[in-house]
Amino acid sequence: MCGIVGYTGKKEACAVIIDGLKKLEYRGYDSAGVALQKNGRLVIAKGAGSVADLEAKLGDQFKAVTVGIGHTRWATHGRPTDENAHPHSSCNDEIALVHNGIIENYRSLRQWLIDEKGHKFHSETDTEVLAHLVEEYYAGDLLAAVRMSLAMVEGSYGLVVLSSHEPGRIICARQDSPLIIGLGEGENLVASDIPALLAHTRRTIILEDGELASITAQKVDIYNADGCLIEREVFTVTWDIEAAEKGGYDHFMLKEIMEQPAAVKETMRQRIDTTTGKVNLSELDFTAKELSSLEKIHIVACGTAYHAGLLGKAVIEKLAGIPVEVDVASEFRYRQPLLKEKQLVIVISQSGETADTLAALRLARQKGLKVLAITNVVGSSVSREADQVLYTWAGPEIAVASTKAYLTQLVALYLVALYLGETRGSIEPELAAEIVSGLKSLPGHLKTILSEESLSSLRPYCDHLAKWESAFFVGRNLDYPVALEGALKLKEISYIHAEAYPAGELKHGPLALIVRGIPVIAIATQKAVLDKTLSNIHEVNARDGAVFAITQEGFEDVARQVDSVFYLPSINDILAPVLSVVPTQLIAYYTALARGCSIDKPRNLAKSVTVE
Ligand code: M6R
């Protein structure tokens, strides 16, 4: 999520780091900072704001410094403030570090460091515990101290550390958060992403999970999880800077689609208790009384987030037994909704800045209702004004078309539904356990769906679709909101007119438009209505429409009915929408590609709609 750059060599470290951080700013940021080794001391400069603000603050003061680390932050734990900006330092100011990822057990470590070891903390971040731990274990070897500290830690990290006692040396470590070492001549670098390195070198080593590295200007030593020195292959980057920002993909949208397994995993992390298998939303502080007396929930959102809300309705009603109304935010505020006691409003917004969603939130609070926000941006307007916030940890989403944020919104809604069901005692423990185990299987299933083989199987249908100006998406039950989302994605980036219908509605009008070859994408993952959906597919087949079906493994009948079929790994029907939407995202992407559209920035659209 955040950006990291570290440098050791002969050049001005500040300039190298600032330049590298600027190359990572496309990922989003809210604060920035550097730690520099100067005359046997560490100097830290940091604050909320942009890298340019930091650069202005630094001026020319540190021209002679040749070793340092830097960071751009995209807030997760703790608001975007000066104190929460990285680097974080230890009590004695002899250790400074920057970190991407989440330290899951930071609360207990922080308490232990304060109570037992007398450490003083200055920020709200999970990261700061690492600086104090390294100080605690430091006995003359930074590598050993980092290794011992990480043994105490649960979570994910891309970590880069400096000590005032070890001039010219940088230690870094990786677990579930990328770090790449850049190999130079008389200088070496480390960064969280390749664009930050390209001005200096194309020779890189991509650290693997569990590995640590010791980096000086002359030498890079890499150690595996067992502490053994290892040889790693050098990867020579051939991408230009623009391709590198996109992780080698042609578009941010495709990169973000590919990031979905990790985004989903991150959003579930710490929220499912691994020992009890129960959902643990400790960040919410509703009372059990508030939750058990709830009589209705309103979900309010726009666009893709609204489609997530439609699935949220189905899932909350099914698992928690609470009636849910879903509104498009721009309608909610003008329809004079009946907002009463014992109701909760859930707003969903990736950006947390959508004007209509914010207005709906304000209306609900004016009427005395509590608002729970599901959002992706810490410190956004929605997160600041809501009573409670459940963050999706999708990371910055840059493409206008929302993909990974949508999947994480779905996951957040499943967690809310389970949390409500468990607190109110309205869900059978067996069903809850089944859904939890299904949720845990999602990242693996998503990886399967995103395999090279699956992607190439979609391409011929997309080439056909690209020649049309009109298409249909159909589905029943939980497949219908997925059809709506698939149609939105297609029209948004390929400019093909796409309509979504509950499959049973076809014969009430739209069937008149079905002609030879017209693309119809049928989502058929729900066992209970599979036969019905198949009979609707027949209606299209009978008129020579070109059906592309998205279904689950085991529903072999579907393949017999259509020309093109995409099989998803088998999963509980309730969770199928998290998987079935992915082929629709890919269909939109490859169709837009075939039509030569501006995929990441479609005409007339903005990423964040801050006006009514
Ligand atoms: O930031 P938000 O989630 O509040 O944005 C809502 C919609 O504007 C957004 O989902 C939009 O529909 C996307 N471009 C769809 O891909």
Side-chain angles (χ1 to χ4, degrees), residues 28 74 251-257 259-260 263 267 299-312 326-333 345-362 364 371-386 389-413 473 481-496 498 500 581-582 584-589 591-592 597-612:
W74 198 72
H251 298 93
F252 281 113
M253 184 181 174
L254 188 57
K255 175 174 182 266
E256 287 160 8
I257 289 174
E259 284 169 352
Q260 291 182 121
T267 301
I299 300 183
V300 190
C302 299
T304 285
Y306 167 73
H307 296 153
L310 292 174
L311 282 163
V326 193
D327 276 86
V328 167
S330 54
E331 290 296 312
F332 183 78
R333 54 194 294 205
V345 173
I346 301 179
V347 296
I348 310 172
S349 173
Q350 185 285 129
S351 62
E353 301 295 347
T354 301
D356 286 314
T357 309
L358 198 53
L361 178 161
R362 289 178 181 153
V371 176
L372 164 65
I374 295 178
T375 183
N376 198 35
V377 182
V378 177
S380 58
S381 304
V382 158
S383 77
R384 283 184 276 112
E385 295 192 31
V389 185
L390 189 66
Y391 287 106
T392 50
W393 298 127
E397 194 177 62
I398 291 160
V400 166
S402 184
T403 53
K404 62 176 181 171
Y406 174 72
L407 247 66
T408 58
Q409 287 162 357
L410 293 186
V411 168
L413 287 161
F473 286 73
V482 178
L484 284 167
E485 176 57 12
L488 174 63
K489 218 87 310 172
L490 185 69
K491 52 192 147 197
E492 191 175 16
I493 62 165
S494 76
Y495 315 144
I496 294 173
V581 75
V582 179
T584 72
Q585 297 168 341
L586 292 164
I587 286 174
Y589 176 79
T591 305
C597 297
S598 161
I599 291 181
D600 285 334
K601 290 187 181 152
R603 69 184 178 211
N604 308 337
L605 299 177
K607 181 67 184 159
S608 180
V609 186
T610 53
V611 290
E612 220 190 301

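Just so you know, ligand 1 is whichever comes first in the structure, and atom 1 is the first atom listed for that ligand. Only this structure's heavy atoms are used, side chains among them; waters, hydrogens and symmetry mates stay out.
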Sorted by chain and number, sequence neighbours left out, salt bridge (charged side-chain N to carboxylate O under 4.0 Å, His left out) with E331 holds for none
heavy-atom search around atom 14 (N) of ligand 1 in the protein gives E492 OE2, 2.5 Å
If the cut-off is 4.0 Å to any non-hydrogen atom of K489, which atoms of ligand 1 fall inside it? 15 (C), 16 (O)
In short, A592 meets I493 closest at the heavy-atom pair CB-O, 3.3 Å
With heavy atoms only and a cut-off of under 4.0 Å, state how E353 meets ligand 1: side chain, backbone, both or neither. neither
For T304, take its heavy atoms, then give the atoms of ligand 1 lying under 4.0 Å from any of them. 10 (O), 12 (O), 15 (C), 16 (O)
Give the intermediate values and the outcome of salt bridge (charged side-chain N to carboxylate O under 4.0 Å, His left out) for residues K404 and E397. CA-CA 7 Å; K404 62 176 181 171; E397 194 177 62; over 6 Å; no
Checking heavy-atom distances from atom 5 (O) of ligand 1 to each of L358, T392, T354, the winner is T354
Of all protein heavy atoms, the one nearest atom 1 (O) of ligand 1 is S351 OG, 2.7 Å
Between OH of Y406 and CD1 of I348, what distance do you get to the nearest 0.5 Å? 9.5 Å
Ligand-side contact atoms (ligand 1) for residue partner G303, heavy atom cut-off under 4.0 Å: 12 (O)
Around atom NZ of K601, are there more than 12 heavy atoms of other residues, nucleotides or ligands at under 6.0 Å? no
Does V400, backbone or side chain, put an N or O under 3.5 Å from an N or O of ligand 1? yes
How close does the nearest protein non-hydrogen atom get to atom 8 (O) of ligand 1, and which residue and atom is it? V609 CG2, 4.1 Å
Regarding E485 and T584, do their side chains bring together a donor and an acceptor under 3.5 Å, going by distance alone? no
For A401, atoms of ligand 1 separated by under 4.0 Å from a heavy atom: 16 (O)
Taking 4.0 angstrom as the limit and counting only heavy atoms of Q350, give me the atoms of ligand 1 inside it, by number and element. 1 (O), 2 (P), 3 (O), 4 (O)
Drop me the distance from Y589's OH to D600's CG, to the nearest 0.5 angstrom. 8.0 Å
In terms of residue, atom name and distance, what is the protein heavy atom nearest to atom 7 (C) of ligand 1? C302 O, 3.7 Å
For S349, take its heavy atoms, then give the atoms of ligand 1 lying under 4.0 Å from any of them. 1 (O), 2 (P), 3 (O), 4 (O)
Would a 4.5 Å heavy-atom cut-off, applied to side chains only, mark D327 and R333 as touching? no
Classify the contact between K607 and ligand 1 as side chain, backbone, both or neither, using a heavy-atom distance cut-off of under 4.0 Å. neither
For T357 and V300, the nearest pair of non-hydrogen atoms, with its separation, is CG2-O, 4.2 Å
